[in-house]
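Inspection log for the structure reproduced underneath, given as structure tokens.
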Amino acid sequence: MTSPTLLVLDADPLPRLGRLTGRARVTHADASTLAERLPSADVLLVWDFTSHAVRHAWPGEGPRPRWVHTASAGVDHLMCPELAASDTVVTNARGIFDQPIAEYVAALVLAMAKDLPRTLELQREREWRHRESRRVSGTRAVIVGSGPIGRTIARTLKALEVTTALVGRTPRTGVHGPDDLDRLIARADWIIAAAPLTEQTYGMFDARRFGVMQPSARFINIGRGGLVVEDALAEALRRRWIAGAALDVFEHEPLGPDSPLWQVPDLIVSPHMSGDTVGWRDELGAQFLELYERWEAGKPLLNVVDKKRGYVPGH
């Protein structure tokens, strides 16, 4: 019996797939070769989850893999109408990044509340300037995105005695619906974007939404860059509509050195690293191997994405 062909869209360093020796024929592609190699693949591992190569290559001719796995939580970088309409199963890396991202958000909340960025600036300038900081306990946070990452953020912030509210696609017990969003963010101290990028969420944080927030509010985006109209956020910070913000994801990555976002007052910029802790690539590889062994044995796959919604349902 012929071994299945596993095609890997490469990124450096490569995944460790030694467990599949003798069980799968592993081939590799980059953006320039993906289209020609897709028809011969049974499984596609999107290891380069920053690439849009799948979206461009998928509509071509010939057979397509029966299963696509992306080593990321978001799937917007690979979805196209042809893939969404196909019988191909798409899975993601749900579960790997939840706790690291929640810890990163908690760190940002504490750093902004305690004015740590300015403390470091003043230290570099050798200036002794006493200030008062904010108490985190008793503040309110709205987390937009009720999936595993959003829920873990809420649980972590609750440990700091922050009152949290989750907003999801549909209202249910413990989760507010989109109709409650404006009312909630108008009273929130922390607004955290953790939603998947879909047609409904693209650009949801715009000038109007930043205008709804109170002047003491701070905004954090660890979801997808497209959730935020970046020019509107920059203007809101310059006009002091809100007190501060932190962006870990951007519309276009990497953020170029000439981007005006680097100079926006009270904005913390980090290079899409909130979920990337020591050993994270090994965790992603191990997760894929476990899924592959389920697929190989004919068992139902986990982390199956609803291709029309753009995320794993059931939360």
Side-chain angles (χ1 to χ4, degrees), residues 1-97 147 196-199 202 224 226 253 281-314:
M1 183 175 177
T2 304
S3 298
T5 297
L6 166 61
L7 177 61
V8 182
L9 180 59
D10 286 343
D12 189 40
L14 295 175
R16 299 179 181 179
L17 302 174
R19 272 167 54 185
L20 301 184
T21 300
R23 297 160 57 188
R25 176 177 173 264
V26 180
T27 61
H28 298 267
D30 58 19
S32 66
T33 59
L34 181 64
E36 67 182 74
R37 297 180 184 179
L38 270 179
S40 62
D42 298 295
V43 179
L44 172 64
L45 169 58
V46 185
W47 191 247
D48 184 359
F49 52 81
T50 65
S51 172
H52 292 87
V54 176
R55 184 189 298 170
H56 300 306
W58 195 272
E61 297 181 356
R64 289 295 179 261
R66 293 173 280 160
W67 169 34
V68 173
H69 177 77
T70 179
S72 61
V75 298
D76 51 281
H77 60 290
L78 57 86
M79 294 305 299
C80 62
E82 292 81 2
L83 175 53
S86 72
D87 294 331
T88 296
V89 175
V90 176
T91 58
N92 72 355
R94 181 187 188 208
I96 298 294
F97 301 106
L197 185 61
T198 65
E199 290 182 3
Y202 184 85
R224 306 299 287 174
E253 297 182 4
R281 289 184 178 88
D282 289 340
E283 291 182 43
L284 288 172
Q287 181 188 54
F288 172 73
L289 289 172
E290 289 175 7
L291 287 173
Y292 187 91
E293 287 170 353
R294 291 183 67 90
W295 179 81
E296 185 181 48
K299 296 179 180 179
L301 285 168
L302 307 176
N303 293 4
V304 175
V305 173
D306 183 320
K307 293 184 290 183
K308 301 230 179 330
R309 295 184 182 182
Y311 55 88
V312 179

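The shown structure was predicted, so the numbers you read here are calculated from the model rather than taken from an experiment.
With sequence neighbours left out, R55 forms a side-chain hydrogen bond (donor to acceptor under 3.5 Å, both in side chains) with no residue at all.
The two residues L9 and L44 have their closest heavy-atom pair at N-CD1, 4.3 Å. When all heavy atoms are compared, the tightest approach of E61 to P39 is O-CG, 3.8 Å. Heavy atoms only, all atoms of each residue included: F49 and A71 are closest at CD2-O, 3.1 Å. Taking both residues in full, the closest heavy atoms of V312 and N303 are given as CG2-O, 3.6 Å, listed atom of the first, atom of the second, then distance.
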**Request:** Begin with the C-alpha distance, continue with both residues' side-chain angles, and end with the deciding distance and a verdict on side-chain contact (heavy atoms from CB on, under 4.5 Å) for V43 and T5.
**Result:** CA-CA 6 Å; V43 179; T5 297; over 6 Å; no
**Message:** Between W67 and T91, is the side chain to side chain donor-acceptor pair (under 3.5 Å) condition met? List the steps.
**Reply:** CA-CA 8 Å; W67 169 34; T91 58; 2.9 Å; yes
**Request:** Walk me through it: do T33 and H28 pass the test side chain to side chain donor-acceptor pair (under 3.5 Å)?
**Result:** CA-CA 9 Å; T33 59; H28 298 267; over 6 Å; no
**Item:** Full working for side-chain contact (heavy atoms from CB on, under 4.5 Å) between S86 and R64
**Value:** CA-CA 9 Å; S86 72; R64 289 295 179 261; over 6 Å; no
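Taking the six-membered ring where tryptophan is involved, the planes of H69 and F288 are tilted, since the angle between them lies from 30° to 60°.
Under the 4.5 Å side-chain criterion, counting only non-hydrogen atoms from C-beta, W58 is in contact with V68. When side chains are defined from C-beta on, W47 counts as touching L284, because their heavy atoms get closer than 4.5 Å.
At a threshold of 4.0 Å, the pair R23-E293 counts as salt-bridged, since one of the basic side-chain nitrogens sits closer than that to a carboxylate oxygen.
Counting non-hydrogen atoms of other residues, nucleotides and ligands closer than 6.0 Å to CZ of R25 gives a total of 12 or fewer.
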